[in-house]
There are 2 protein chains.
Amino acid sequence: MTEVRLLQGQHLKAACSNCSALEFCLPFGLNTQELERLDKLILQRFKVRKGAPLYRAGDPLRLLYAIRIGSFKTSVLSLDGREQVTGFQLPGEMLGLDAISADEHTCNAFALEDSEVCPIHFSQLEKLARELPALQHNLNRFLSREIVRDHDLLMMLGNMNSDERLAAFLLNLSQRLSMRGYSSSEFILKMRRDEIGSYLGLRLETICRGIAHLREQELVEIAGREVKVLNMHGLKQLVVGCHSAVLH
Amino acid sequence: MTEVRLLQGQHLKAACSNCSALEFCLPFGLNTQELERLDKLILQRFKVRKGAPLYRAGDPLRLLYAIRIGSFKTSVLSLDGREQVTGFQLPGEMLGLDAISADEHTCNAFALEDSEVCPIHFSQLEKLARELPALQHNLNRFLSREIVRDHDLLMMLGNMNSDERLAAFLLNLSQRLSMRGYSSSEFILKMRRDEIGSYLGLRLETICRGIAHLREQELVEIAGREVKVLNMHGLKQLVVGCHSAVLH
DNA sequence: CGCCGCCTTGACTCCCTTCAATGCGAGTGG
DNA sequence: CCACTCGCATTGAAGGGAGTCAAGGCGGCG
């Protein structure tokens, strides 16, 4: 009995403290005891197959999800079937924060590749957050960061032309990947052209043409889903000035 | 001494419980004692003159603001001077939530008319939220609602044409005003055409033309800043189908 | 092989932008 | 009182960038 509890304890503790996404994720900055308490909230983590939904708009909010491995897209659908991709999420990022507003998911979340998530019971998370100020603050930050990201995207859709949007998208992805220990100059796109297009408020054909333009300028080499950034500085020049004055 | 404290107490208590925005604002659902504790966090409320900034991008986060009277716009600026209006806020709505992400405001907030706000010390609010679950939950909801709103706006910028965007904008404003006890069919726009345009990702000329189109269809009567909705149903028909399937 | 999903490219169209002129009301000063 | 300016709104004409439609390519897989 005691042994089982110990094993469980070890297993649960291992969930977060062993996670490669720890430093970008909800438990960032928590001490060991705090981490253990958060770990206890995390039900068995599970896999989501490529293309499978994690949740859908209209589902009641019970769980939030932290991405452990893989990537997701979130989107909203209009009644007449238009899709707007609202984001692409990487390990350490949270899914489902929009659902807190009305206790109901407003987005659909789909895995872009075979992935793994840590489900967190939201009401228990709120309860624990009252006792762990660092956790409470992290949750607030995650929510707020989502707002800031959406503002960046709004700036792109409202004020940038198609090539600028595409360059900004690639740079953003590059930066987030490099933060996670991947190469910033060579990576694989997990999403289709039409999903990039929806995210950027463009048609998939426009994405293809944008890619062709970047290739002509010898800024990138893109073959299918494979991206190589040949001239990072030149790529940044395309969007310098478009970005919020606050960042960097 | 005792009398002063009582007077103060009454004054502070009056701040929220007398406020016409109470039912949409942060203290919604708090009981009397809880309300009193929140009231104590609210420093002296103050006025902001039309056109004046409440805060600017880059300012450190110390205060959040609840709007008591009036209206604001928030916007982000790019380095090369492009402005993207990210929202128009009415009484009971919160300003500054984006700043939690990095302890620094990322938006500019300007009063669209002579207004009055309730400043709330953020770190104290976080502290109090640990003791008042309802307050904690409200704060989370406000943050999450902001995300949902941004998603709606993204859907507009990404998938709707200029007339649909304008109609959706007017309907949204109409609905929020009516929730606050104003007429849903007759109201005054507090913002300029170019601000509406920036919000909707369009030029001000396109807004003017959109208004002309709505007028030709006898859906609205718009003279300068004065709006009269003549055919609410018809206006809704324009955007039915464009909206997220989850809402309503 | 042949189908299917996804990507690419070209030609044409159209909606929104750009540029420009005009209107119009408020505030100011002669 | 009127002339003048200034900020904001309106409307027209022309141009361009992204959308639409269509054809074809490429690669994976039954």
Side-chain angles (χ1 to χ4, degrees), chain A residues 49-52 73 80-85 110 112-114 156-170 188-216 220-228 238 242, chain B residues 49-52 73 80-85 110 112-114 156-170 188-216 220-228 238 242:
Chain A
R49 306 294 297 194
K50 174 176 176 173
K73 72 163 178 176
D80 56 0
R82 294 180 248 193
E83 181 185 34
Q84 175 67 40
V85 171
F110 288 91
L112 292 173
E113 59 189 307
D114 289 352
M156 288 168 69
L157 298 211
N159 289 287
M160 290 165 63
N161 68 31
S162 62
D163 288 356
E164 288 170 340
R165 291 183 213 184
L166 181 60
F169 165 75
L170 291 172
I188 308 286
L189 300 171
K190 302 299 185 180
M191 69 293 287
R192 300 188 306 266
R193 300 289 191 259
D194 65 333
E195 292 169 329
I196 300 174
S198 170
Y199 180 64
L200 298 177
L202 300 166
R203 299 288 118 178
L204 71 122
E205 295 94 329
T206 308
I207 301 301
C208 285
R209 282 185 248 272
I211 289 173
H213 297 158
L214 295 183
R215 191 173 15 235
E216 285 160 23
V220 298
E221 211 171 77
I222 300 186
R225 305 286 181 95
E226 281 189 297
V227 178
K228 283 188 195 174
L238 271 186
C242 307
Chain B
R49 306 294 297 194
K50 175 176 177 174
K73 72 162 179 177
D80 55 2
R82 295 180 247 193
E83 181 186 36
Q84 175 67 38
V85 171
F110 288 90
L112 292 174
E113 58 189 310
D114 289 352
M156 289 167 68
L157 299 211
N159 289 289
M160 290 164 63
N161 68 31
S162 63
D163 288 356
E164 290 170 340
R165 290 184 214 184
L166 180 59
F169 165 75
L170 290 172
I188 306 287
L189 299 171
K190 302 299 185 181
M191 69 293 287
R192 300 187 307 265
R193 299 289 191 260
D194 66 332
E195 292 170 330
I196 300 174
S198 169
Y199 181 65
L200 298 177
L202 300 167
R203 299 288 120 180
L204 69 120
E205 294 94 329
T206 308
I207 300 300
C208 285
R209 283 184 247 272
I211 289 173
H213 297 157
L214 295 183
R215 191 173 14 235
E216 286 160 22
V220 298
E221 211 171 77
I222 301 187
R225 304 287 180 95
E226 283 189 329
V227 178
K228 283 187 195 175
L238 271 186
C242 307

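By convention in this document, chain letters (A, B, ...) are assigned in the order of the sequence lines, proteins followed by strands, and residues within each chain are numbered from 1.
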How many Å lie between CZ on A/R193 and P on D/dG19, as a whole number? 16 Å
Taking OP1 and OP2 of D/dC8, is either one under 4.0 Å from a side-chain nitrogen or oxygen of B/R192? yes
In whole Å, what is the span from the CD1 atom of B/I196 to the C1' atom of D/dC8? 12 Å
Going through the checks in order, is the side-chain contact (heavy atoms from CB on, under 4.5 Å) test met by A/L170 and A/I222? CA-CA 11 Å; A/L170 291 172; A/I222 300 186; 4.2 Å; yes
CG of B/D163 versus C1' of C/dC16: gap in Å, rounded? 11 Å
B/N161 CG - D/dA18 P separation (whole Å): 17 Å
List for me each residue that meets side chain to side chain donor-acceptor pair (under 3.5 Å) alongside B/N161, sequence neighbours excluded, and say none if there are none. none
Note: A/V85 and A/S198 closest approach over all heavy atoms is N-OG, 2.8 Å
Those residues that, when tested against A/R203, pass salt bridge (Lys or Arg N to Asp or Glu O under 4.0 Å) (two or more places apart): none
Length of the CG-P vector between A/L166 and C/dC7, whole Å: 13 Å
From the list B/K73, B/K50, B/K190, salt bridge (charged side-chain N to carboxylate O under 4.0 Å, His left out) with B/E113 holds only for B/K190
Can you sort out which residues in residues 203-213 of chain A have a heavy atom within less than 4.0 Å of DNA chain C? Ascending by number, please. A/L204, A/E205, A/C208, A/R209, A/A212
For atom CG of A/N159 and atom P of C/dT18, their distance in whole Å: 10 Å
Nearest whole angstrom, please: distance from the C1' of C/dT9 to the CZ of A/R215. 11 Å
Calculate the interatomic distance between A/R225 atom CZ and D/dG28 atom P; express it in whole Å. 12 Å
Show your working on salt bridge (Lys or Arg N to Asp or Glu O under 4.0 Å) between A/R192 and A/E83 and close with a plain yes or no. CA-CA 14 Å; A/R192 300 188 306 266; A/E83 181 185 34; 5.7 Å; no
Base, sugar-phosphate alone, or nothing: which one does A/G201 contact when heavy atoms must sit under 4.0 Å apart? sugar-phosphate
